[in-house]
Structures are given as C-alpha cells and as structure tokens.
S.K.: 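What follows is a single structure, and I will ask about it in a moment.
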Amino acid sequence: MSTEAAVKAAAGDISSDGHSNTAQEQAPRKGLCSVRHGLALILQLCNFSIYTQQMNLSIAITAMVNSTAAPSQPHASTEMPPTHPQDPWNSSLKESKAVAPAYDWSPEIQGIILSSLNYGSFVAPIPTGYVAGVFGAKYVVGTGLLASSVLTLFIPLAADAGVALLIALRVVQGIAQVMVLTGQYSIWVKWAPPLERSQLTSIAGSGSMLGTFIVLLTGGLICQNIGWPYVFYIFGGIGCACCLLWFPLVYNDPGNHPFISAGEKRYITCSLAQQDCSPGWTLPLKAMILSLPLWAIVVSYFCEYWLFYTIMSYTPTYISSVLQTNLRDSGILSALPFVVGCVCIILSGLLADFLLSRRVLRLVTIRKLFTAIGVVFSSGVLVALHWVRSSHSTSMVFLVLSSAFSSLCEAGVLVNFLDIAPRYAGFLKGLMQIFAHIAGAISPTVAGVLINQDPEVGWRNMFLLAAAVNISGLVFYLIFGQAEVQDWAREQRFTHL
C-alpha cells in the first residue's frame, strides 16, 4: 500500500503542517499483512453491513406491500412502467408475494417506516462519539453492529406484529447504526500514522459504497426468487458474522493487540509520539464554537451530504422515470455509481498519502485540492445531466463520474477533523453526523417538492440547487480550512461556555 520511502518518512521527518518529527524506525510490514490494514478491512466489512441494513427495507418494501412503489418512497420511482402479463419480473414478484406476507400499508405509512431509521439519529451521534473517544471504540462499535444485525433479523416478525412495533424497532436500529458510523473514528486516533490516515480511513469508508452497491444489485433478485424476508435474513446474518471478527480481532490500542509485531507497534507509536491523541474527558466547548477551521469542516459536511443524500435517494427514481428503464434494470444501473465510488474512495486515500509522504504537497493543500476537485467536477456533471438525458449511456456515464469525483472528498474535508483535533475525534465525528443527518432530512424533501412542481425542469432545478449548496460549502472551506492540530485540542480543558 505505502512505498518503502513512504514508510521510512513516516517514522522519520514528517511535514510540520499538522505533523511532527520523530526518530527513524525500521519499516514495519506493509499492505494487507499489517494489523492496521487488517483493521481497516474489518471496518470496511462493518460499514458494508451497516449500509446494507440501512437500505434493505427500501428495496424490500416494493414486495412487502400489495401495490408497487408509491410516490412517498424516496428510493423508488414515482412513475412505474405499466405491468404486462408476460413480464417475467412482475410474474416472479407476484410469486414472491404469494410465499411471503404482503401488507396494506398506505403511502404515508410507508414513508414513516422508511424515515423511522433516522428518528434517533439526531440525538445519538454526539454522546456516542464522546463515549467512544473516552472509553474506546471496540465495544461501542461492536455493540452497535451486533444490535443492528440482530434487529434486522427480526424485521419480518415485527412487520407481522404491526406497524408500531416495526417503527419502534427501526428507531432503535438507527441508534445502533449511529454507534458504528460515529464510534469507529476513535479507532484511528491510536492506530493511524499521519502519513497513512487518508488511506486507512478511505479503505474503511469504502464499505459504505460497496454495501449500497450490493444491496441495490441483489435486493430485487432476492425478493424475486426467494421472498422479501430473506433480504433481512441474509444481510442481518452477514452483520452477525462480522461481529465474530470484530470482537476477537479489534483492539482500541496497538499496545494491547496480541498479534501485532513489535516493529509495527513501534512504528505506529513513534509516528504518533508527539501528537496529543489521548482522549479528553472534558470538552473545550467555547473554543470549539469559536473555531473557524472546525466550522469550515462542519459546513462542508452539511453541503457534501446534501448532495450525497439527494443522489442516494433519487438515483433509482431518475433512472427509472427519466431514462425509462424497468425495475430490475433500474436497480442494476443504480448500483454502478456506488461500486465506482467504492474503488475511487480507496484510490483517493492512497494518492493523498502518497503525495504527503513524498512531500509533493502540504497536508492542508492536499485536503483542499481533493475537496475542490471532488465538489466542482461532481457538481458540474450533475448539472449537465439535464442536457444529455436523451442519451441513456451518456447519462449513466455522468452519474458514474459524479460518484467517482465526489469520492475524492473522503481524502479531503471528510477526514480533516482527524487532523485538527485527533483527541476529540469521536465527539467531532458525532457532531459531523448531526449535520449530515440534518442535510439528509432536508435535501430529499426539497428535491421531491421541486420535481412535483414541474417534472420537466424539476430534475434540473434539483441538481442546480445541490450543486449550488455544495460549491458554497467548498468556498467556505477553502477560506477557513486548516490541517494543523488546533490549540484547543492540545490540552484538556474544563467544559464551559
């Protein structure tokens, strides 16, 4: 993964831009043979499991109700193609409904059920991040993954018992998923050398795109062939299996890991030696509120996730209604941008760390450059979709390019909070998740209003608005963003305003 020179540089002189000078150490084992990269792969699998569990109901609900997709479903087309008696997809779907229960849920009830996963997400991230930062992420993340996976297995039973129980289960499941998505960043405070931070977090984060791709690709086929309950049994079972890897193999600190080599342990310890990464029991809230570099990341998070949730919610609808594809092809085509995004997330992390290790660019320049390229180009190709919609192949290329470019932000602003305040990484990730969930609650609703007002230009206006929000966040970040550890993150302070 890292070159020999990169590893030696990590143990020796490190750029003064947010990093420190340490004594040169013998290069440890690299790539998939190192424990830290194995940890990144386990976290990738955890993120894969969580995102399949987030999206499985959006896929299965078309087979769970007596009618096909309703307008209030965010991940389904508002205009479905007409049903033909000889269509094998529709015939298979009817067969799946015959062997699995079907419910008379109104569009309003379906919308509440789909949204219920986020009801607890607004209150959970900050306490989850704080607890993970102070007590360690192993049990916070592991407990959240196990709880979400077990609850996924019980969704078919809850649906049979009634809507109220299903909604309550989904609310608890959403809180458990926040524990995984927020708490995991506290792991990298003790495990990620500065020159490998981008690639390790990118490898772990790519599981989100991979999970979205797999569930879009296979969810409809599972419903078609063996029935919708197996969507929850299969992906819930994968999550439970992931827990069997997590608890015995993951440790909060490399010093306590039983399988790590002495060379790798020494390398990680020396690379982090002069960084104050010990967790803070108290929070410098006043200093955080007054910190423009922190606000630059927060604003960018909101703007980035405005675009992300818009695309995630409406890509299947756009492909189905605008490009006029059937349900099966729509799922497969919708998965393509996410699998490309998964690959690009990993590559962007590797490239960012390569540029930093070779001292081609300063850390702050890398963060801003990757963010600028990701935002400008992804926004540009989305805006251009309105003028190429007559060509299906061109439209799909543009959607894939948008996902590829936006993935660069994973090595830019989306990991920048680890640079400016590593000791408060868990708490800050929770804070970022709050703003991400706010964007996710607003952007699909606004997009739906625009599309309903004028279907012809609604898509254009939706993409224009998302691009404008995204670029506004970029401008704010380019002006105020930094990459060195902030003064308020160097020492513990009392919590006060």
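One-based numbering along the sequence shown.
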S.K.: Over 60° means perpendicular and under 30° means parallel, so classify the ring planes of His257 and Phe259, tilted if in between.
M.R.: perpendicular

S.K.: Over all heavy atoms of both residues, which pair between Val299 and Gly473 is shortest? Give the atoms and the distance, please.
M.R.: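 Distance-wise, the nearest heavy atoms are CG1-CA, 4.2 Å.
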
S.K.: Distance only, no hydrogens: is a donor on one side chain within 3.5 Å (strictly under) of an acceptor on the other, for Arg367 and Ser198?
M.R.: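 There is such a pair between these side chains.
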
S.K.: Do Tyr301 and Lys429 get their side chains close enough for a donor-acceptor pair, meaning under 3.5 Å?
M.R.: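 There is such a pair between these side chains.
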
S.K.: To the nearest 0.5 angstrom, please state how far the CD1 atom of Ile345 sits from the CG atom of Leu414.
M.R.: 9.0 Å

S.K.: Looking only at heavy atoms, what is the nearest atom pair of Val141 and Gly183, with distance?
M.R.: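 Between these two residues, the closest heavy atoms are CG2-C, 3.6 Å.
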
S.K.: Yes or no on side-chain contact (heavy atoms from CB on, under 4.5 Å) for Val400 and Leu336, after CA distance, side-chain angles and deciding distance?
M.R.: CA-CA 7 Å; Val400 169; Leu336 289 178; 4.3 Å; yes

S.K.: Taking all atoms of both residues into account, what is the closest heavy-atom pair of Ile187 and Val250, and its distance?
M.R.: CD1-CG1, 4.1 Å

S.K.: Taking C-beta and beyond as the side chain, do Ser395 and Leu385 meet within less than 4.5 Å on heavy atoms?
M.R.: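 Side-chain contact under 4.5 Å: yes.
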
S.K.: Decide yes or no on side-chain contact (heavy atoms from CB on, under 4.5 Å) for Gln173 and Val178, but give the supporting numbers first.
M.R.: CA-CA 9 Å; Gln173 186 183 28; Val178 167; over 6 Å; no

S.K.: Distance check, rounded to the nearest 0.5 Å: Leu361 atom CG versus Phe354 atom CZ?
M.R.: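 Separation between the atoms: 11.0 Å.
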
S.K.: Quick one: do the Tyr477 and Asn416 side chains pair a donor with an acceptor below 3.5 Å?
M.R.: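 There is such a pair (donor and acceptor under 3.5 Å, judged by atom type) between the side chains of Tyr477 and Asn416.
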
S.K.: If we only count heavy atoms from C-beta on, is the Cys342 to Thr212 side-chain gap below 4.5 Å?
M.R.: no

S.K.: Contact between Val485 and Pro422 at the side-chain level, heavy atoms closer than 4.5 Å - yes or no?
M.R.: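 Contact flag for Val485/Pro422 side chains = yes.
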
S.K.: Start with the C-alpha gap between Phe435 and Phe302, add the side-chain angles, then the distance that decides, and say whether ring-ring contact (aromatic ring centres under 6.0 Å, His included) holds.
M.R.: CA-CA 5 Å; Phe435 283 86; Phe302 176 86; 7.1 Å; no

S.K.: Can Ser148 and Gln53 be counted as having a side-chain donor-acceptor contact under 3.5 angstrom?
M.R.: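 Gln53 and Ser148 do have a side-chain donor-acceptor pair below 3.5 Å.
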
S.K.: Answer yes if the side chains of Glu196 and Tyr267 hold a donor-acceptor pair under 3.5 Å, and no otherwise.
M.R.: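 Per modelled atom types, Glu196 and Tyr267 side chains form a pair under 3.5 Å.
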
S.K.: Does Lys138 count as lying over the ring of Phe247, i.e. NZ or CZ under 6.0 Å from the six-ring centre, within 45 degrees of the axis?
M.R.: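 Pair Lys138/Phe247 does not count as cation-pi.
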
S.K.: Tell me if a side-chain donor or acceptor on Ser271 pairs with a main-chain N or O of Pro193 at a distance below 3.5 Å.
M.R.: no

S.K.: For the pair Ile297 and Ile420, evaluate side-chain contact (heavy atoms from CB on, under 4.5 Å) and give the outcome as yes or no after the intermediate values.
M.R.: CA-CA 10 Å; Ile297 300 173; Ile420 68 169; 3.6 Å; yes

S.K.: Does the side chain of Trp191 reach to within under 4.5 Å of the side chain of Pro254, using non-hydrogen atoms?
M.R.: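 Sidechains of Pro254 and Trp191: in contact.
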
S.K.: Leu428 and Ala421: which non-hydrogen atoms are nearest, and at how many Å?
M.R.: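 Residues Leu428 and Ala421, closest heavy atoms: CD1-CB, 3.6 Å.
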
S.K.: Of all the heavy-atom pairs spanning Ile222 and Phe235, show the shortest one and how long it is.
M.R.: CD1-CE1, 4.2 Å

S.K.: Are Phe154 and Phe232 an aromatic pair, judged by ring center distance below 6.0 Å?
M.R.: no

S.K.: Within a strict 4.5 Å, meaning less than it, do heavy atoms of the Asn470 and Tyr305 side chains meet?
M.R.: no

S.K.: Is a side-chain N or O of Thr152 found less than 3.5 angstrom from the main chain of Gly236, in a donor-acceptor match?
M.R.: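 No, Thr152 side chain to Gly236 backbone: no donor-acceptor pair under 3.5 Å.
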
S.K.: Hey, could you give me the OG/CG distance between Ser202 and Leu350, rounded to the nearest 0.5 Å?
M.R.: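 Ser202 atom OG to Leu350 atom CG measures 7.5 Å (nearest 0.5 Å).
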
S.K.: For Phe480, is the CZ atom crowded, meaning more than 12 foreign heavy atoms sit under 6.0 Å from it?
M.R.: yes

S.K.: Ignoring hydrogens and geometry, is there a side-chain-to-backbone donor-acceptor pair from Trp188 to Arg197 under 3.5 Å?
M.R.: no

S.K.: Would the distance check show the side chain of Ser206 and the main-chain N or O of Ile203 forming a donor-acceptor pair, the cut-off being under 3.5 Å?
M.R.: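 Yes, the answer is positive, given that a donor and an acceptor are paired below the 3.5 Å cut-off.
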
S.K.: Please check this pair: side chain of Asn252 against backbone of Ala137, looking for a donor-acceptor N/O pair closer than 3.5 Å.
M.R.: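 Yes, Asn252 side chain to Ala137 backbone: donor-acceptor pair under 3.5 Å.
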
S.K.: Atom CG in Leu57, atom CE in Met55: separation rounded to 0.5 Å?
M.R.: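 So the CG of Leu57 and the CE of Met55 are separated by 10.5 Å.
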
S.K.: Any heavy-atom pair between the side chains of Leu181 and Asn47 that's under 4.5 Å?
M.R.: yes

S.K.: Is the gap between the ring centers of Phe213 and Phe338 under 6.0 Å?
M.R.: no

S.K.: For Glu484, does its backbone N or O pair with a side-chain atom of Gln486 as donor and acceptor, under 3.5 Å?
M.R.: yes

S.K.: Pair Ile42, Leu249 - check side-chain contact (heavy atoms from CB on, under 4.5 Å), show working.
M.R.: CA-CA 9 Å; Ile42 294 176; Leu249 297 180; 3.9 Å; yes

S.K.: Looking at every non-hydrogen atom in both residues, tell me the closest pair between Cys46 and Cys242 and how far apart they are.
M.R.: SG-SG, 3.4 Å

S.K.: Got Trp246 and Leu45 here, is their nearest side-chain heavy-atom distance under 4.5 Å?
M.R.: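 The answer is no, as the side chains (C-beta and beyond) never meet within the 4.5 Å cut-off.
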
S.K.: Do Glu264 side-chain atoms and Ile260 backbone N/O form a donor-acceptor pair below 3.5 Å?
M.R.: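 No; judged by distance alone, with no hydrogens or angles, the pair does not exist.
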
S.K.: Check whether the side chains of Ser348 and Glu410 place a donor and an acceptor atom closer than 3.5 Å, and report yes or no.
M.R.: no

S.K.: Could you list the residues that satisfy side chain to side chain contact (heavy atoms under 4.5 Å, CB included) with Ala467, not counting sequence neighbours?
M.R.: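 Ala467 satisfies side chain to side chain contact (heavy atoms under 4.5 Å, CB included) with Ser379, Val383 only.
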
S.K.: Where the side chain of Thr182 meets the backbone of Met179, is there a donor-acceptor pair that is under 3.5 Å apart?
M.R.: no

S.K.: Do Arg423 and Val189 have side-chain heavy atoms sitting under 4.5 Å apart?
M.R.: no

S.K.: Does the ring centre of Phe427 sit less than 6.0 Å away from the ring centre of Tyr424?
M.R.: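 So the answer is no for these two rings.
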
S.K.: To the nearest 0.5 Å, what is the distance between CZ on Phe308 and OG on Ser378?
M.R.: 12.5 Å

S.K.: So how far is it from Leu117 CG to Gln54 CD, rounded to the nearest 0.5 Å?
M.R.: 5.5 Å

S.K.: For Asp419 and Gln482, test the side chains for any donor-to-acceptor distance below 3.5 angstrom and give the result as yes or no.
M.R.: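 Checked: Asp419/Gln482 side chains show no N/O donor-acceptor pair below 3.5 Å.
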
